[in-house]
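Right, one structure below, let's go through it.
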Amino acid sequence: MKDLEFTQKRTLSRAEAADQLEALAAALRRGGQAELELGPGRLTLRIPDELSTEIEVELEDGKVELEIELAWHTGSPGH
């Protein structure tokens with residue numbers, strides 16, 4: 001069972017998508033408690049100094065899908 005799951009799917013303009021990524025990048029730079037404005041809501045996360053990352057690009061049926069995944073543990077190292 002997951003402790004928390006948040007999913008958001010929306011259509012954005014290129015500028016709006018860039019704004020959202022810039023806000024995420026700023027939160028990553030600050031670290032610690034980060035508040036992200038996600039459409040009508042706000043998500044607060046604790047972001048540590050080190051993260052695992054994965055970037056995946058798929059081209060299928062004329063559609064490009066770019067996934068950027070960031071992962072980290074919520075507890076102390078080793079837990």
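All figures in this text were calculated on a predicted structure; none of them were measured in a lab.
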| message | Counting neighbours of CZ on R46 that are heavy atoms of other residues, nucleotides or ligands and sit closer than 6.0 Å, is the number greater than 12? | response | yes

| message | For the CD atom of E58 and the CD atom of E67, what is their distance to the nearest 0.5 Å? | response | 6.0 Å

| query | Which value, rounded to the nearest 0.5 Å, describes the distance between I68 atom CD1 and E54 atom CD? | reply | 11.0 Å

| Q33, CD: over 12 other non-hydrogen atoms inside 6.0 angstrom | yes

| Out of curiosity, does I55 fall in the hydrophobic cluster containing V64 (side-chain heavy atoms, cut-off under 4.5 Å, transitive links)? | yes

| said: Would a single hydrophobic cluster contain both L66 and L21, if residues Ile, Leu, Val, Met, Phe, Trp and Tyr are joined by side-chain heavy-atom contacts under 4.5 Å? | reply: no

| Side chains of L70 and L28: closer than 4.5 Å at any heavy-atom pair? | yes

| request: Determine the minimum heavy-atom distance between I47 and A27, stating which atoms define it. | output: CD1-O, 4.0 Å

| message | Do L24 and W72 land in one hydrophobic cluster if side-chain heavy atoms of ILVMFWY residues count as linked below 4.5 Å? | response | yes

